[in-house]
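Remember, it's 1-based here, ligands and their atoms both numbered in the order they're listed.
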Amino acid sequence: MQHPAIDNIFVQQFNLSTPIALAPMALATGGQLAAACARAGALSLVGGGYGDLSWTQREYRDAVARLNGNKQDLSRLGCGFISWKLQEDRSAFDWLLDQPVKPAAIMLSFGDPTVFSKTASDQNIPIICQIQTMAQLPQAVDAGASVIVAQGTEAGGHGMNDFEGRSTFTFVPEVADWLTKYSPQTALLAAGGIMDGRGLAAALMLGAQGALIGSRLWASTQSLATSNAKQTAVLAHGDDTARSAIFDILRSKNWPEQFNFRAIRNRLHRKWEGRFNELVANPNEAIQDYLEGVRAEDYDRAHVTVGQGVGMINNILSAEQLIDDINRQALCLLHREAGEK
Ligand SMILES: Cc1cc2nc3c(=O)[nH]c(=O)nc-3n(C[C@H](O)[C@H](O)[C@H](O)COP(=O)(O)O)c2cc1C
């Protein structure tokens, strides 16, 4: 049975047919995945990540080319960046703002968004801020965010460390209540552990207008992750991930201490658990081991970036199929809850 689509301030703002945003996953959300999700009716954010200029140029241009001038699809295409990294090098951000096809939105995560959001707002480009604690919320709203993403520690990739981080289930309704009171025109998306229609329906019930999905769309045919990494995720279950800074050290990334990284807790990760100071003091041999793992696609050593929802990744499907399945299941559940047949 066909249920009417979800209608709210988020889907209206970006002309969406489903309240889903594709997460801007560094090195995984390239042009092909972003274009597929935009065509499927979701907001799609290219993974500008660390702000590598040539990568962002190639993948954003690829997404635009694939959307072939279709105005509706292009109105759903944006890009995401890591704010603390933009403070070191903002060339990819500045390049994006100069494009003939302007991004529908720019998402900023992990650090003070203020300077970049001001530049984007001056050009009428909506800003999406991903946050992890209540303390970050007023700053994101003051920076002019039209969408807040409340990210729980279940999420794949970077997020708040376990001391300060919040679970999606308690964080989203608390942010929703705050926004209702102080900034009702700001939309809210839930992120972290949303893998299927149950998760999307739950996000809406918790007071969000939609969900930002990373891991489940990472495990699609169009993401830039390797097939071997995706198959490793299919075989893993939800107990198999950990959040730590170990892979950041192995990848020589200088992340601020408050943020760390969730990925599959593989053999190399386990080897360094409880020996973090030793790893920091003398990382070279471990880095070589890791880099060989990456070259060989050996995921006992290389990282596989997925969140705790990995236990719900049982197959690799096209992004279009995943979005359609998630949307349909959520609509069925929500209408069932509403007592409709
Ligand atoms: C492979 C991968 C890479 C990610 N890279 C980024 C990134 O570059 N910037 C960012 O803001 N978030 C990044 N994230 C986090 C997502 O924005 C989002 O919060 C997360 O994927 C939501 O949780 P989920 O993975 O359970 O869906 C990444 C997530 C994954 C899985």
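- Contact annotation for Q130 and ligand 1: only side-chain heavy atoms (C-beta onward) come within less than 4.0 Å of the ligand.
- Geometrically, ligand 1 and G193 share a nitrogen or oxygen pair separated by less than 3.5 Å.
- The side-chain heavy atoms of F110 and Q130, taken from C-beta on, include a pair separated by under 4.5 Å.
- The aromatic rings of F247 and H303 are tilted relative to each other, their planes meeting at an angle between 30° and 60°.
- Distances between N or O atoms of P24 and those of ligand 1 include at least one value under 3.5 Å.
- With hydrogens and angles disregarded, no donor-acceptor distance shorter than 3.5 Å links the side chain of E59 to the backbone of G47.
- A donor-acceptor distance shorter than 3.5 angstrom exists from the side chain of R243 to the backbone of A155, with no hydrogens or angles considered.
- Annotation: atom 25 (O) of ligand 1 to nearest protein heavy atom, S215 OG, 2.6 Å.
- Proximity of a side-chain donor or acceptor of N8 to a complementary backbone N or O of Q209 within less than 3.5 Å is detected.
- If you number the atoms of ligand 1 from 1 as listed, the ones under 4.0 Å from a heavy atom of S109 come out as 10 (C), 11 (O).
- Applying the 4.0 Å criterion to heavy atoms of A155 picks out, from ligand 1, the atoms 20 (C), 22 (C), 23 (O), 26 (O).
- Per-residue contacts place A23 under 4.0 angstrom from the following atoms of ligand 1 (heavy atoms of the residue considered): 16 (C), 17 (O).
- No N or O atom of L212 sits closer than 3.5 Å to an N or O atom of ligand 1.
- Of all protein heavy atoms, the one lying nearest to atom 21 (O) of ligand 1 is G214 CA, 3.3 Å.
- Counting atoms of ligand 1 from 1 in the listed order, those under 4.0 Å from a heavy atom of G49 are 8 (O).
- More than 12 non-hydrogen atoms from other residues, nucleotides or ligands lie less than 6.0 angstrom from CZ of R61.
- Of all the heavy atoms of A26, the ones lying under 4.0 Å from any atom of ligand 1 are found in both the backbone and the side chain.
- Not one N or O of T305 is nearer than 3.5 Å to an N or O of ligand 1, by distance alone.
- A donor and an acceptor atom, one from each side chain of D73 and S75, are nowhere located under 3.5 Å apart.
- Looking at M25 against ligand 1, both its backbone and its side chain come within 4.0 Å, counting heavy atoms.
- Not one N or O of E154 is nearer than 3.5 Å to an N or O of ligand 1, by distance alone.
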Quiz item: Going through the distances and angles, do T114 and D112 end up as a side-chain hydrogen bond (donor to acceptor under 3.5 Å, both in side chains)?
Solution: CA-CA 6 Å; T114 311; D112 187 350; 2.5 Å; yes
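- Polar contact with ligand 1: absent for H158 (N/O pair, distance under 3.5 Å).
- With S223 contributing its side chain and W218 its backbone, the two residues share a donor-acceptor pair below 3.5 Å.
- No hydrogens or angles considered: nothing links the side chains of E257 and N161 as a donor-acceptor pair under 3.5 Å.
- The shortest heavy-atom distance from G80 to ligand 1 is not under 4.0 Å.
- Looking only at protein heavy atoms, the nearest one to atom 22 (C) of ligand 1 is G192 N, 3.5 Å.
- Residues H158 and F261 bring their aromatic ring centres within 6.0 Å.
- Looking at G156 next to ligand 1, an N or O pair under 3.5 Å apart turns up.
- With a heavy-atom cut-off of 4.0 Å, F110 touches ligand 1 through its side chain alone.
- Side-chain N/O atoms of Q132 and Q258 include no donor and acceptor closer than 3.5 Å.
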